[in-house]
Each structure stands twice: as C-alpha cells, then as structure tokens.
Amino acid sequence: MIGEQAIAQASDASLFEQSNPDCNSIAMIVQHMQGNMLSRWTDFMTTDGEKEWRNRDAEFEVVISNRQDLLDAWDDGWNCVFSAIDSLTESDLGTTIYIRNMGHTVIEALHRQLAHYPYHIGQIVHISKMAADQPWQSLSIPKGNSVAYNTDKFSKPKHDEHFTSEFLKKDGSI
C-alpha cells in the first residue's frame with residue numbers, strides 16, 4: 001500500500017529518472033521486485049527460488065516504458081507472492097525450500113523476503129518524495145501531527161482493527 005501510494009505521487013517522468021548512473025529508478029526497482037517475486041514464489045515449495053529463467057541483471061535495465069506497465073508489473077509480482085502465501089498451511093512453515101541451493105524453512109524464506117521488499121519500498125518512497133512536483137502527501141503520520149494523532153487514537157476504547165483500515169477508502173481501495 002505504501003509503495004502504491006508513493007508511485008501514485010510520482011510524476012510519469014520521475015518513475016524513470018536516475019539521480020546518477022549507479023542509482024536505480026522507481027521503474028528499475030519495480031522490475032527487480034517483480035523479477036524477485038516471480039522467481040521466489042512461483043512453485044516455491046518444489047523448485048529453487050532462483051529460477052533458471054530469471055535474468056536478474058536485466059531487471060536493472062529500463063524495460064518498463066510507462067506508468068501502466070509499471071503498475072501491471074507491480075501487481076503481477078504481488079499477486080504471485082500473495083497467491084503462494086495464501087496456499088500455505090501451518091504444516092508447511094517448517095518445510096525446507098531452497099533459494100540458490102541454500103536451504104530455508106518456509107518461515108525463514110518469508111522472513112528473508114519480508115526484509116527485502118520493505119527495503120525497496122523505502123527506496124521507492126524516498127525517490128518519489130525527492131522528485132515530488134507538488135506538496136508530498138504523508139504516507140503515515142505527517143510531521144507535527146503526532147500529538148493530535150495519538151490524542152485521537154487514545155480517545156477511543158481498545159479494539160481490534162487492522163492498522164491499514166484507516167488508510168482505505170470506503171470501497172476498500174487505497
């Protein structure tokens with residue numbers, strides 16, 4: 001959700017800009033994430049997470065050429081991840097799978113990817129924020145609003161609610 005909100009605030013041009021040749025554009029990061037997600041999560045219980053068909057180096061070349069293709073790649077990667085995770089059962093969590101011939105339990109592989117994807121989402125947010133043409137819409141509690149935010153939260157009784165629900169529109173979209 002945070003990655004999508006950052007991408008939404010980026011201009012079309014800024015999705016493809018690199019601050020220098022050693023830096024990745026948002027498009028390159030999305031290409032890399034999609035490649036990683038498809039490789040890691042396609043048949044992940046039965047095949048190595050680094051698929052023979054993956055060309056990781058090409059993920060850092062500009063292939064995506066427009067916002068819609070970027071969003072399609074983003075969705076494609078995440079759909080693969082969530083489809084694989086949704087298929088898991090509790091008994092699968094201790095099963096050994098392989099990534100580059102290195103054994104991981106499923107839970108370890110989940111943790112590995114849980115560290116990898118937020119790292120890149122943070123890069124996307126940073127690039128988008130730095131390139132913003134308009135005032136940045138905070139993706140969390142805006143600077144200077146912590147006291148008001150916490151006052152509102154603590155004025156309500158304790159309850160169970162997913163932390164992202166306050167960011168969703170009534171129709172469930174972001």
Side-chain angles (χ1 to χ4, degrees), residues 1-42 56-86 88 109-174:
M1 185 173 68
I2 289 173
E4 289 174 17
Q5 290 173 343
I7 291 167
Q9 290 190 63
S11 69
D12 288 350
S14 69
L15 295 173
F16 303 95
E17 291 175 357
Q18 293 174 255
S19 58
N20 69 56
D22 291 327
C23 290
N24 296 319
S25 67
I26 291 172
M28 289 173 172
I29 296 167
V30 169
Q31 288 173 169
H32 168 62
M33 289 180 69
Q34 178 199 32
N36 177 278
M37 291 168 165
L38 295 178
S39 185
R40 294 290 181 268
W41 298 103
T42 300
R56 186 181 180 280
D57 292 333
E59 295 165 13
F60 299 99
E61 298 170 9
V62 180
V63 176
I64 293 174
S65 61
N66 61 63
R67 179 181 294 273
Q68 189 56 56
D69 288 349
L70 183 143
L71 294 172
D72 290 346
W74 178 266
D75 288 342
D76 186 42
W78 284 110
N79 287 337
C80 184
V81 170
F82 291 129
S83 177
I85 290 173
D86 288 345
L88 290 173
L110 287 164
H111 287 161
R112 177 179 175 154
Q113 297 315 113
L114 247 157
H116 186 217
Y117 302 147
Y119 166 76
H120 289 306
I121 291 168
Q123 292 173 322
I124 290 168
V125 170
H126 182 74
I127 294 167
S128 181
K129 193 172 186 178
M130 295 298 291
D133 294 338
Q134 300 173 12
W136 179 257
Q137 298 297 312
S138 177
L139 305 178
S140 62
I141 304 166
K143 287 182 181 180
N145 289 2
S146 295
V147 171
Y149 183 86
N150 284 339
T151 298
D152 175 62
K153 289 295 181 187
F154 285 106
S155 71
K156 299 172 184 166
K158 291 183 180 198
H159 61 284
D160 290 330
E161 177 183 18
H162 195 273
F163 69 95
T164 61
S165 64
E166 66 187 290
F167 302 106
L168 298 176
K169 296 176 185 171
K170 291 183 194 249
D171 67 359
S173 66
I174 298 173

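The figures that follow rest on heavy atoms only: side chains count, while hydrogens, waters and symmetry mates do not.
Taking 4.5 Å as the limit, every side-chain heavy atom of Leu139 sits out of range of all side-chain heavy atoms of Glu4. The side-chain heavy atoms of Ile7 and Val30, taken from C-beta on, include a pair separated by under 4.5 Å. The side-chain heavy atoms of Leu110 and Ile85, taken from C-beta on, include a pair separated by under 4.5 Å. With contacts defined as side-chain heavy-atom distances shorter than 4.5 Å, the pair Val125/Trp136 qualifies. Side chains of Gln18 and Ser25 form a contact here, defined as non-hydrogen atoms less than 4.5 Å apart. Contact check for Met37 versus Asp76: no side-chain heavy atoms found under the 4.5 Å cut-off.
Residue Lys156 comes nearest to Asp152 through the heavy atom pair NZ-OD2, 3.4 Å, listed as atom of the first residue, atom of the second, then distance. Across all their heavy atoms, Ser65 and Phe16 have their closest contact at C-CZ, 3.6 Å. Considering every non-hydrogen atom in both Ser14 and Ala10, the closest pair reads OG-CB, 3.4 Å. Closest of all the heavy-atom pairs between Asn66 and Ile64 is O-CG2, 3.5 Å. Here the closest non-hydrogen pair linking Thr42 and Leu38 is OG1-O, 2.6 Å. Smallest separation of non-hydrogen atoms from Arg67 and Ala8: NH1-CA, 4.0 Å.
Leu70 CG to Met28 CE: the interatomic distance, rounded to the nearest 0.5 Å, is 12.0 Å. Between Cys80 atom SG and Asp75 atom CG the span is 12.5 Å, to the nearest 0.5 Å. Atom OH of Tyr117 sits about 9.5 Å away from atom CZ of Arg112, to the nearest 0.5 Å.
With sequence neighbours excluded, no residue forms a ring-ring contact (aromatic ring centres under 6.0 Å, His included) with Tyr119.
In this structure, the side chain of Gln123 does not engage the main chain of Ile29 through any donor-acceptor pair within 3.5 Å. Checked by atom type and distance alone, the side chain of Asn145 never pairs as donor or acceptor with a backbone atom of Ile141 at under 3.5 Å. At distances below 3.5 Å, at least one donor-acceptor pair connects side-chain atoms of Gln9 with backbone N or O atoms of Gln137.
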Please tabulate, for the side chains in residues 127-135, all donor-acceptor contacts under 3.5 angstrom to protein atoms that are two or more places apart in sequence or on a different chain.
from: Ser128; atom 1: OG; to: Ala6; atom 2: O; distance (Å): 2.6

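Enclosure of atom CG in Asn20 by more than 12 non-hydrogen atoms of other residues, nucleotides or ligands within 6.0 angstrom is indicated.
Relative orientation of the His120 and His116 rings is perpendicular, given thresholds of 30° and 60° on the angle between their planes.
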Next item on the list: Please step through side-chain hydrogen bond (donor to acceptor under 3.5 Å, both in side chains) for the pair Glu59 and Asn36, ending with a clear verdict.
Entry: CA-CA 9 Å; Glu59 295 165 13; Asn36 177 278; over 6 Å; no
